[in-house]
Amino acid sequence: MQQKAPKNMDKRPEIRVATVILVRVWGMDADGRPFFQNANATNLSSEGAMLSGIAHPLKAGDVIGVQHGEKKARFKVVWVIDGGVARRIEAGVQVLPNQESPWQKLATAEKAEVAQAKNKRRYVRHKVLFPLEIGFEDSRRTHMQTNATDIGGRGCYVETLLPLALGTKVKITFWMDSEKIQTSGVVRTSDGGVGMGIEFTQLDNHVQERLQKHLDKLDAGLTRHNSAKSATNPDS
């Protein structure tokens, strides 16, 4: 008998990996017969997955074994649907307590990448002129007094005809209101005749947040100023 997946199956809080991997599945099917076969697993997370291509009847509540590579664990069947001739039986499974899913590293790596991407998106870059000083570990080199033309909580872009070489380590100094901020940085992009992108490598998270809010305020103020100027001089 076909069992429908729960309505909230797509509202899972954990990160899911869409990659399809080959697994070995075994246990007792719904008719009480032992089985052992290959299947596909996708929608991977540290807590479970969706299995497809199963040729034996299963029911919610069954406990089965799943192996990927050299790692294996026991899972509880949460839901079952009939995927038709091509996909056969599909089942959502959840790892049992005190068990580690065989694809734990894959799911953890994906979760870290998603978190990093979200973190990067949080620091929006602003196209504002932002004064800063670029120094060097070698004190004999002349410091550069310049402006970033594109800046966010994680880094900036400086327009210059002679950008520093890729990978150059620098010391960045700037001011937020009356507070002097210093951090290390590294040149991540170097575009000859155009400029260079610098990543801030030692700004604490709370300083990054404060810088981002400071930039948000600067950009909003500049936008209001330009809007007012356009309204005052409509023909300019």
Side-chain angles (χ1 to χ4, degrees), residues 1-124 153-155 188 199-209 212:
M1 180 178 178
Q2 178 175 330
Q3 300 178 46
K4 294 183 178 180
K7 292 182 179 179
N8 62 349
M9 63 172 286
D10 293 322
K11 298 180 181 180
R12 298 171 292 253
E14 69 271 22
I15 300 298
R16 292 270 166 168
V17 184
T19 303
V20 178
I21 61 174
L22 182 67
V23 295
R24 296 286 278 174
V25 183
W26 67 92
M28 298 290 287
D29 66 20
D31 296 328
R33 290 191 291 263
F35 71 96
F36 187 82
Q37 69 160 96
N38 289 334
N40 292 323
T42 189
N43 288 352
L44 311 173
S45 79
S46 59
E47 298 179 7
M50 184 187 82
L51 305 180
S52 62
I54 298 175
H56 302 269
L58 294 174
K59 65 180 185 299
D62 285 345
V63 173
I64 59 175
V66 181
Q67 180 174 351
H68 175 60
E70 297 298 319
K71 296 183 179 296
K72 56 187 177 182
R74 296 191 306 277
F75 289 77
K76 179 177 72 174
V77 176
V78 180
W79 54 263
V80 178
I81 60 175
D82 186 346
V85 176
R87 299 171 68 176
R88 300 184 177 179
I89 298 295
E90 297 179 344
V93 295
Q94 184 176 40
V95 70
L96 293 180
N98 302 318
Q99 297 276 298
E100 182 178 296
S101 68
W103 46 81
Q104 177 74 30
K105 289 185 178 179
L106 180 62
T108 301
E110 180 74 8
K111 184 176 181 180
E113 289 181 8
V114 171
Q116 183 179 23
K118 287 182 178 179
N119 187 51
K120 287 183 178 180
R121 286 195 295 270
R122 188 170 73 242
Y123 297 112
V124 178
R154 295 177 62 89
R188 295 300 189 192
E199 179 187 0
F200 303 146
T201 56
Q202 290 187 344
L203 269 188
D204 292 337
N205 287 339
H206 75 279
V207 178
Q208 289 182 341
E209 295 283 359
Q212 190 64 46

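Only a predicted model underlies this, so the values are computations on that prediction, with no experimental measurement involved.
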In the structure I gave you, are the side-chain heavy atoms of W79 and L58 within less than 4.5 Å of one another anywhere? no
If you define the side chain from C-beta out and look only at heavy atoms, does anything of S45 sit under 4.5 Å from W103? no
Tabulate below the donor-acceptor pairs under 3.5 Å that side-chain atoms of residues 28-40 make, not counting sequence neighbours, or state none.
{"residue": "D29", "atom": "OD1", "partner": "D31", "partner atom": "N", "Å": "2.8"}
{"residue": "D29", "atom": "OD1", "partner": "G32", "partner atom": "N", "Å": "3.0"}
{"residue": "D29", "atom": "OD1", "partner": "R33", "partner atom": "N", "Å": "2.9"}
{"residue": "D31", "atom": "OD2", "partner": "R33", "partner atom": "NH2", "Å": "3.2"}
{"residue": "Q37", "atom": "OE1", "partner": "A55", "partner atom": "N", "Å": "2.8"}
{"residue": "Q37", "atom": "NE2", "partner": "G53", "partner atom": "O", "Å": "3.0"}
{"residue": "N38", "atom": "OD1", "partner": "R24", "partner atom": "NE", "Å": "3.3"}
{"residue": "N38", "atom": "OD1", "partner": "R24", "partner atom": "NH1", "Å": "2.6"}

Gap between atom CD of Q208 and atom CG of L203 - 0.5 Å precision: 5.5 Å
Tightest non-hydrogen contact, residues V95 and S101, listed as CG2-N, 4.1 Å
Could you check if a side-chain atom of V23 sits within less than 4.5 angstrom of a side-chain atom of H68, using non-hydrogen atoms only? yes
Go through the steps to decide whether V25 and L51 satisfy the test side chain to side chain contact (heavy atoms under 4.5 Å, CB included), and finish with yes or no. CA-CA 9 Å; V25 183; L51 305 180; 4.2 Å; yes
Inter- and intrachain pairs under salt bridge (charged side-chain N to carboxylate O under 4.0 Å, His left out), touching residues 60-74, at least two apart: K59-D62
Would you say that more than 12 heavy atoms from the other residues, nucleotides or ligands in this model lie under 6.0 Å from the CG of N98, or not? no
Go through the steps for R88 and I54 under the test side chain to side chain contact (heavy atoms under 4.5 Å, CB included), then give the verdict. CA-CA 6 Å; R88 300 184 177 179; I54 298 175; 5.7 Å; no
I need the N43 CG to S52 OG distance, nearest 0.5 Å. 9.5 Å
E199: which residues meet the side chain to side chain contact (heavy atoms under 4.5 Å, CB included) condition with it, sequence neighbours left out? R154, V186, R188, T201
Hey, are the side chains of W26 and I64 touching, using non-hydrogen atoms and a 4.5 Å cut-off? no
Flag side-chain contact, heavy atom, 4.5 Å: I21 against T42: no
Hey, is the main chain of G69 close enough, under 3.5 Å, to the side chain of Q67 for a donor-acceptor pair? yes
Kindly give the heavy-atom pair with the smallest separation between F200 and G153, and that separation in Å. CD1-O, 3.9 Å
